[in-house]
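All remarks here apply to the structure that follows.
Along the sequence shown, residues carry numbers from 1.
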Amino acid sequence: MIEMIIACVGLGIVAGILAGMLGIGGGVVIVPALVIILNQQGYPADYVVISAVATSLCTIIFTSISAARAQIKRKAVDWGIFKRWALLVVIGSFLSGFIAGQLPPVVLETGIAVFLFIVSIIMLSKWTPNPSRSMPGTAGTSVLGLFSGTLSGLAGIGGGNVMVPLMVFFNVPMQRAVATSSTLGLPLALVGTIGYLISGWQLSITEWSLGYVYLPAAGLIALFTVIMAPVGVALSHYIPAPTLKRCFGALLMLVALRMLYNAL
């Protein structure tokens, strides 16, 4: 138990800094790390991956509050994108809890890893969007919002790994995409967590579980991500956008490879 506490505290510190700096909610680090931690704790194998995802989303509620407040103070959020995406992101996130409950653990973990790997290659490359490209109209925006929410909820990553690349693709500046993603992460994580609580409500995975959420890990990680997220936000406004983009891509690549290794 002591080992789990130390691991969750360290994970919360790292995830908080990354959440604020890259607008990713921290889930990209939390999910694979929790898979390892829960396995070492003898957590029921059939529920390790989905509990890691649900617990990650739960911590991102608190991380997003901290990161979003810091970004709003800096007036870095694109409120136009927020208003167009918020409702659909929430709908997709809520549905993800029920979809994930129907997927075999290996399918869920492999799918998350492959998606992160593809995004990492794009972010590490010298690819730049067509300068004339801008955010799509109502129909296109609706599809992107629903896609972002559903995929983010399935992966337990808070949305940044999906929303930041999408916004960059449509020529939203990196720092502004990070700030907007941090703000959208709050409703996404909140409603996504509710979906995982409801879909796993009838299960008694462990005495410390609520639905698919493992409460001890959620509490410890959330506490330290909240403390450290503003530090990451401050760093994001001092690091040049190309460097921020490469850091984002390198992190995704490492996480994706680790998850593929575990799944296969």
Test: salt bridge (Lys or Arg N to Asp or Glu O under 4.0 Å). Region: [range]. Which pairs qualify, not counting sequence neighbours?
| range | result |
| --- | --- |
| residues 180-206 | none |
| residues 134-152 | none |
| residues 27-45 | none |

Beyond-backbone contact of [X] with [Y], side-chain heavy atoms, under 4.5 angstrom:
| X | Y | result |
| --- | --- | --- |
| Leu57 | Ile61 | no |
| Tyr214 | Ile205 | no |
| Leu186 | Ile65 | yes |
| Ile91 | Leu87 | yes |
| Leu144 | Phe170 | yes |
| Val89 | Pro187 | no |

Arg176: partners by salt bridge (Lys or Arg N to Asp or Glu O under 4.0 Å), with sequence neighbours left out: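 For Arg176, the residues satisfying salt bridge (Lys or Arg N to Asp or Glu O under 4.0 Å) (neighbours in sequence not counted) are Asp78.
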Steps toward side-chain contact (heavy atoms from CB on, under 4.5 Å) verdict (Gln71, Thr180): CA-CA 8 Å; Gln71 295 285 17; Thr180 307; over 6 Å; no
Who are the side-chain contact (heavy atoms from CB on, under 4.5 Å) partners of [X], not counting sequence neighbours?
| X | result |
| --- | --- |
| Ile121 | Phe117, Met253 |
| Val9 | Ile5, Ile13, Leu220, Phe224 |
| Val213 | Ala54, Thr55, Cys58, Thr193, Leu197, Leu215, Ala218 |

Without placing hydrogens or testing angles, list every side-chain donor-acceptor pair under 3.5 Å for residues 100-107, not counting sequence neighbours.
none

Chi angles and distances behind the side-chain contact (heavy atoms from CB on, under 4.5 Å) call for Ile2, Ile6: CA-CA 6 Å; Ile2 296 298; Ile6 294 171; 3.9 Å; yes
Qualifying ring pair (Phe, Tyr, Trp, His ring centres under 6.0 Å) pairs, either residue in residues 66-107, two or more places apart: Trp79-Phe82, Phe94-Phe98
For residues 33-51, which side-chain N or O atoms pair as donor and acceptor with protein atoms under 3.5 Å away, sequence neighbours left out?
from, atom 1, to, atom 2, distance (Å)
Asn39, ND2, Val35, O, 3.0
Tyr43, OH, Ser51, OG, 3.1
Tyr43, OH, Ser209, OG, 3.1
Ser51, OG, Tyr47, O, 2.8
Ser51, OG, Tyr212, O, 3.2

Thr110 vs Leu260, side-chain contact (heavy atoms from CB on, under 4.5 Å): CA-CA, chis, key distance, verdict: CA-CA 6 Å; Thr110 303; Leu260 277 174; 4.2 Å; yes
Fellow cluster residues of Val143, listed by chain then number, with links counted only when side-chain atoms sit under 4.5 Å apart: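 Its cluster mates, by chain and number: none.
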